[in-house]
Engineer: 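Once you've had a glance at the structure underneath, I'll fire off some questions.
Index from 1, following the sequence. Here the structure is a predicted model, which is why all the values come from computation and not from measurement.
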Amino acid sequence: MNSKKALPLILILLFVTLPVLAQEKSYDFGLYLGGVNYYGEVGKKKAIAPNRAFFGLIGKMNFNEKLSARATLTYMTLYADDRNAGDEYRANGRAQSLFYSFENSHIELTAGIEYTPFSFFKNSRNPIDFYVFGGIGAAYGDELYYPLSAGFEDVAAEKYGTSTRLVVPFGAGLKTFVGSKFMLGLELAPRYTTSDNFDGSHPDEPRLEPNQLPNFANNDWYTYIGITLTYRIGKGSDAYCDCTL
């Protein structure tokens, strides 16, 4: 059979089988909000210390009780100030009475896979699922730099452009049904980034190379601690006797 004859048959097969496959799945849509903090060359050296809010939307396509595809769209603000740092070098002005600070907002889009290896209280009507996830994403926001300074002052980052940066989201969480259709979740979700300039410490613009901070270590991170509240379209919490799909 040549490709011209095979193509209509393949299309017909897809149109017939896709509705059947769709019946096997369920979908969760809802809100995603919580706190976020940055970790890098400015401010506190704490990986989990939320100091600004994020909010957005989350959606999941559940293939079965273990495996889901997920996507999030969020708006978040990153903030840090050397005067809030706990280590002696930054909190004491970097040996020059020089304190850096920044505040930078981003729109983030991520997509990934979520896996549920086990549940707590599995035999109850609404067990609590433990899940892990990972994926890929992008964050769009301002590019920053610090004006040159001789010391003895506070220096706030300034904008010189915008960019889209690649981020790698991953994490773990707990989720359970509240009722038959609504699901409540709590998750910890760090983001590794491919940029060292979320904080303005290492601008890539050649003309701003003199403005780069010394002793920069590696790419920036930020961490979400979030709550999800979603509505189930499809199978609810009573669809299986020992799981939440």
Engineer: Quick one: is the NZ or CZ of Lys60 closer than 6.0 Å to the six-membered ring centre of Phe29, and within 45° of its axis?
Structural biologist: no

Engineer: Hey, is Glu187 close enough to Lys175 for a salt bridge, meaning N to O under 4.0 Å?
Structural biologist: no

Engineer: Out of curiosity, does Tyr89 fall in the hydrophobic cluster containing Phe99 (side-chain heavy atoms, cut-off under 4.5 Å, transitive links)?
Structural biologist: no

Engineer: Could you grab the distance from atom NZ of Lys181 to atom CD1 of Ile233, nearest 0.5 Å is fine?
Structural biologist: 8.5 Å

Engineer: So Arg191 and Phe198, do their side chains get closer than 4.5 Å, heavy atoms only?
Structural biologist: no

Engineer: With rounding to the nearest 0.5 Å, note down the distance linking OG in Ser119 to CD1 in Ile128.
Structural biologist: 9.5 Å

Engineer: Does Leu188 belong to the same Ile/Leu/Val/Met/Phe/Trp/Tyr cluster as Leu174, with side-chain heavy atoms less than 4.5 Å apart forming each link?
Structural biologist: no

Engineer: Could you pull out the closest heavy-atom pair between Tyr146 and Ser101, with the gap in Å?
Structural biologist: CE2-O, 3.2 Å

Engineer: Using the rule that Ile, Leu, Val, Met, Phe, Trp and Tyr join whenever any side-chain heavy atoms are under 4.5 Å apart, tell me whether Leu144 and Val155 fall into a single cluster.
Structural biologist: yes

Engineer: Between Phe120 and Pro127, is there a side-chain heavy-atom distance shorter than 4.5 Å?
Structural biologist: no

Engineer: If two hydrophobic side chains count as joined below 4.5 Å and joins carry through other members, does Phe118 share a cluster with Tyr131?
Structural biologist: no

Engineer: With rounding to the nearest 0.5 angstrom, report the CD1 to OG1 distance, Ile136 to Thr110.
Structural biologist: 10.0 Å

Engineer: Tell me, yes or no, whether the heavy-atom count around Phe121 atom CZ, taken from other residues, nucleotides or ligands under 6.0 Å, exceeds 12.
Structural biologist: no

Engineer: Is there a donor-acceptor pair under 3.5 Å between the side chain of Asn51 and the backbone N or O of Tyr79?
Structural biologist: yes

Engineer: Hey, does Thr193 have a side-chain heavy atom less than 4.5 Å from the side chain of Arg165?
Structural biologist: no

Engineer: Aromatic contact between Phe182 and Tyr231, with the criterion being ring centroids under 6.0 Å apart: yes or no?
Structural biologist: yes

Engineer: For residues 34-56, which residue pairs qualify under ring-ring contact (aromatic ring centres under 6.0 Å, His included), counting only residues two or more places apart or in two chains?
Structural biologist: Tyr32-Phe54, Tyr38-Phe102, Phe54-Tyr224, Phe55-Tyr75

Engineer: Is the side chain of Asp82 donor-acceptor paired with the backbone N or O of Gly43 at a distance under 3.5 Å, no angle test?
Structural biologist: yes

Engineer: Given side chains that start at C-beta, do those of Thr228 and Leu184 come closer than 4.5 Å, heavy atoms only?
Structural biologist: no

Engineer: Might you point out which heavy atoms bring Phe170 and Pro190 nearest each other, and give the distance in Å?
Structural biologist: O-CD, 3.1 Å

Engineer: When you measure from the side chain of Thr74 to the backbone N and O of Met76, does any donor-acceptor pair fall under 3.5 Å?
Structural biologist: no

Engineer: I'd like to know if the side chain of Thr194 and the backbone of Leu166 have a donor-acceptor N/O pair within less than 3.5 Å.
Structural biologist: yes

Engineer: Run the side-chain contact (heavy atoms from CB on, under 4.5 Å) check on Arg94 and Asn92 step by step: do they pass?
Structural biologist: CA-CA 6 Å; Arg94 301 172 182 259; Asn92 291 329; over 6 Å; no

Engineer: Under the 3.5 angstrom rule, does the side chain of Glu158 hit a backbone N or O of Pro147 as a donor-acceptor pair?
Structural biologist: no

Engineer: Quick one: closest heavy-atom pair of Asn197 and His202, and the distance?
Structural biologist: OD1-N, 3.0 Å

Engineer: I want to check something: taking the side chain as every heavy atom from C-beta on, are Tyr140 and His106 in contact at a cut-off of under 4.5 Å?
Structural biologist: no

Engineer: Determine whether the side chains of Ser26 and Asn62 contain a donor N or O and an acceptor N or O closer than 3.5 Å.
Structural biologist: yes

Engineer: Answer with yes or no whether the side chains of Asp129 and Thr116 bring together a donor and an acceptor at under 3.5 Å.
Structural biologist: no

Engineer: What closest approach, in Å, do Tyr145 and Asn211 show between heavy atoms, and which atom pair accounts for it?
Structural biologist: CD1-ND2, 3.7 Å

Engineer: According to a hydrophobic-cluster definition based on side-chain heavy atoms being under 4.5 Å apart (Ile, Leu, Val, Met, Phe, Trp, Tyr only), do Ile107 and Ile58 belong together?
Structural biologist: no

Engineer: Taking the six-membered ring of Phe177 (Phe, Tyr or Trp), confirm whether the NZ or CZ of Arg232 is under 6.0 Å from its centre and within 45° of its axis.
Structural biologist: no

Engineer: Which value, rounded to the nearest 0.5 Å, describes the distance between Asp220 atom CG and Asp196 atom CG?
Structural biologist: 5.0 Å

Engineer: Verify side-chain contact (heavy atoms from CB on, under 4.5 Å) between Leu57 and Leu31, making sure each step is shown before the conclusion.
Structural biologist: CA-CA 5 Å; Leu57 303 173; Leu31 301 176; 4.0 Å; yes

Engineer: Assess whether side-chain contact (heavy atoms from CB on, under 4.5 Å) is satisfied between Leu98 and Phe152, documenting all intermediate values.
Structural biologist: CA-CA 5 Å; Leu98 189 60; Phe152 302 97; over 6 Å; no

Engineer: Can you measure from CG (Asn219) to CD (Glu41) and round to the nearest 0.5 angstrom?
Structural biologist: 8.5 Å

Engineer: Test salt bridge (Lys or Arg N to Asp or Glu O under 4.0 Å) on Lys45 and Glu88; report intermediate values, then the result.
Structural biologist: CA-CA 11 Å; Lys45 290 183 177 180; Glu88 293 184 2; over 6 Å; no

Engineer: Can you tell me if Ser68 uses its side chain to pair, donor with acceptor, with the backbone of Ile113 under 3.5 Å?
Structural biologist: no

Engineer: Kindly say whether Arg83 contributes a backbone atom to a donor-acceptor pair with the side chain of Asp81 at under 3.5 angstrom?
Structural biologist: yes

Engineer: So does Thr77 get a backbone contact from the side chain of Tyr222, meaning a donor-acceptor N/O pair under 3.5 Å?
Structural biologist: no

Engineer: Between the side chain of Asn37 and the main-chain N/O of Leu78, is any donor-acceptor distance below 3.5 Å?
Structural biologist: no

Engineer: Show your working on side-chain contact (heavy atoms from CB on, under 4.5 Å) between Thr223 and Val36 and close with a plain yes or no.
Structural biologist: CA-CA 5 Å; Thr223 302; Val36 61; 5.9 Å; no

Engineer: Do other residues, nucleotides or ligands put more than 12 heavy atoms under 6.0 Å from Ile227 CD1?
Structural biologist: no

Engineer: What I'd like to find out is whether the side chain of Leu109 reaches to under 4.5 Å of the side chain of Thr72, using heavy atoms alone.
Structural biologist: no

Engineer: Please examine the side chains of Asp154 and Tyr100, heavy atoms only from C-beta on, and report whether any two atoms are closer than 4.5 Å.
Structural biologist: no

Engineer: Work out which heavy atom in Gly40 is nearest to a heavy atom in Arg90; give both atom names and the distance.
Structural biologist: O-NH2, 2.9 Å

Engineer: Which pair of heavy atoms, one from Phe133 and one from Glu114, lies closest together, and at what distance?
Structural biologist: CB-CA, 3.9 Å

Engineer: Would a distance-only check, ignoring hydrogens and angles, find a side-chain to backbone donor-acceptor pair under 3.5 Å from Asn64 to Leu67?
Structural biologist: yes

